[in-house]
Amino acid sequence: MPELPEVETVARGLDKRVAGDVIDSVWLGEKPEPLKSPANEIVAVLERSRIARVRRVGKHIVVDLERMPRNGKGKAHPHGQWIIHLGMTGRVQVAQPKDELLKHTHAVLKLKSGRELRFVDPRRFGRLAVVRLDAKMPAGFAAPGDEPLLADAGRFIELFRKRKTPIKSALLNQGLLSGVGNIYADESLFRAGIRPRRRASTLTRDDLCRLHAALKEVLNEAIALGGSSVSDYVDADGREGFFQLQHRVYGREGEPCLVCETPIKRIVIAGRSSHYCPHCQR
DNA sequence: ACTATTTCCTGGATGC
DNA sequence: TGCATCCAGGAAATAG
């Protein structure tokens, strides 16, 4: 499932492949479409726009769009953004028109280069939206929380120290940090030696410092390996990531802890399965 | 202002 | 083999 490292991988892959291309036309699937903006608004912002850049913000893919001046001369100017949230099973494909249309394809963008960008999402948890860059929204889309890789230890402590909720829930709260999901929350808590049910406010500054370091470490390692391919995640080129091979607790219920051989436990916190080592994590 | 719970959605796994 | 049921989970909505 796409969390920060997977979305980063997809965004980098898309940027490499489609930056500079122009969106000629847009097809959106039948209702109910997984949209956040009205369909006509999405079409209006995307069509005839040039893709300046594709990047990640939190768990969102942000496609920065430009328009040429009406007379076609002069410099392109920032115009809007296409925001993609992959949800659980969302994928963005770069395809050729002759390529078979996958079931659950909800959007197809025809590009000037002849290729197509396709949004496919069987489970429909993904969302598409557009932002117009204007006086009301000059800076465009912003995630509600801090970027985990940019927040320093002081900021990290400030975000969590007063929360009475379990630290696992706090890590998943996108309003605090944007981009951490179930896998990387569990993996960072294991590396920091902290039980997922511990109330955030009971953690010492040292605990939070260790967690901050562990989270950055695990996210960076995962990005380096192209993310985790569990469920059906693949990147923009259809390649799987390899970080699932590095998982120490996620999905390992009953298997021996890699440090002390105690069986890994699975509990449910806020409706999410949470994996930890009862011996190594306190 | 927080926190906890429910809901959305479908494919794959499981059980009888 | 076939059908029913359960489960996965990000985030919005709802309830407390």
[X] has an atom [atom1]; how far is it from atom [atom2] of [N], in whole Å?
{"X": "A:Lys168", "N": "C:dG10", "atom1": "NZ", "atom2": "C1'", "value": "12 Å"}
{"X": "A:Asn173", "N": "C:dA11", "atom1": "CG", "atom2": "P", "value": "10 Å"}
{"X": "A:Arg127", "N": "C:dG10", "atom1": "CZ", "atom2": "P", "value": "14 Å"}
{"X": "A:Leu172", "N": "B:dT3", "atom1": "CG", "atom2": "P", "value": "14 Å"}
{"X": "A:Leu86", "N": "C:dG9", "atom1": "CG", "atom2": "P", "value": "17 Å"}
{"X": "A:Gln174", "N": "B:dC2", "atom1": "CD", "atom2": "P", "value": "17 Å"}
{"X": "A:Lys162", "N": "B:dC2", "atom1": "NZ", "atom2": "P", "value": "10 Å"}
{"X": "A:Leu171", "N": "C:dA11", "atom1": "CG", "atom2": "P", "value": "14 Å"}

[X] side chain N/O closer than 4.0 Å to the phosphate oxygens (OP1, OP2) of [N]?
{"X": "A:Lys164", "N": "B:dC2", "result": "no"}
{"X": "A:Tyr250", "N": "C:dG9", "result": "yes"}
{"X": "A:Thr89", "N": "B:dC9", "result": "no"}
{"X": "A:His85", "N": "C:dA11", "result": "yes"}
{"X": "A:Lys103", "N": "B:dG11", "result": "yes"}
{"X": "A:Arg266", "N": "C:dA8", "result": "yes"}

- Same apolar cluster (I L V M F W Y, side chains within < 4.5 Å links), A:Val45/A:Ile51: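 Cluster IDs for A:Val45 and A:Ile51 match.
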- Message: If hydrophobic clusters are built from ILVMFWY residues whose side chains come within less than 4.5 Å, do A:Tyr250 and A:Leu171 share one?
- Response: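 Same cluster.
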Between [options], spot the one nearest the side chain of [X], thanks.
{"X": "A:Lys36", "options": "B:dT3, B:dT7, C:dA12", "answer": "C:dA12"}
{"X": "A:Arg123", "options": "B:dC9, C:dA11, B:dT3", "answer": "B:dC9"}
{"X": "A:Thr165", "options": "B:dG11, B:dA4, B:dT3", "answer": "B:dA4"}
{"X": "A:His104", "options": "B:dG11, C:dG10, B:dA4", "answer": "B:dG11"}
{"X": "A:Arg163", "options": "B:dT3, C:dG9, C:dA11", "answer": "B:dT3"}

- Message: Categorize A:Ser273 for me: base, sugar-phosphate, or nothing, with a 4.0 angstrom heavy-atom threshold over every strand shown.
- Response: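 Sugar-phosphate only.
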- Item | Matching residue for A:Asp24 among A:Lys110, A:Arg50, A:Arg48, A:Lys112 - test: salt bridge (charged side-chain N to carboxylate O under 4.0 Å, His left out) |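 Of the listed options, the one satisfying the test is A:Lys112.
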- Report yes if the ring of A:Phe125 lies under 5.5 Å from the six-membered base ring of C:dA11 with planes under 30°, and no otherwise.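 Per 5.5 Å and 30° rule: no stacking.
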- Query: Side-chain donor-acceptor pair under 3.5 Å between A:Arg118 and A:Thr105, yes or no?
  - Reply: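 Side chains of A:Arg118 and A:Thr105: no pair found under 3.5 Å.
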- Message: Students often mix this up, so state it plainly: with edges at 30° and 60°, are the rings of A:His85 and A:His60 parallel, tilted or perpendicular?
- Response: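 Judged by the thresholds at 30° and 60°, the geometry between A:His85 and A:His60 is perpendicular.
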- Task: Determine the interplanar angle of the A:His212 and A:Phe156 rings, folded into 0 to 90°, and report it as parallel if under 30°, tilted if 30 to 60°, perpendicular if over 60°.
- Result: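 Because their plane-to-plane angle lies in the 30° to 60° range, the rings of A:His212 and A:Phe156 count as tilted.
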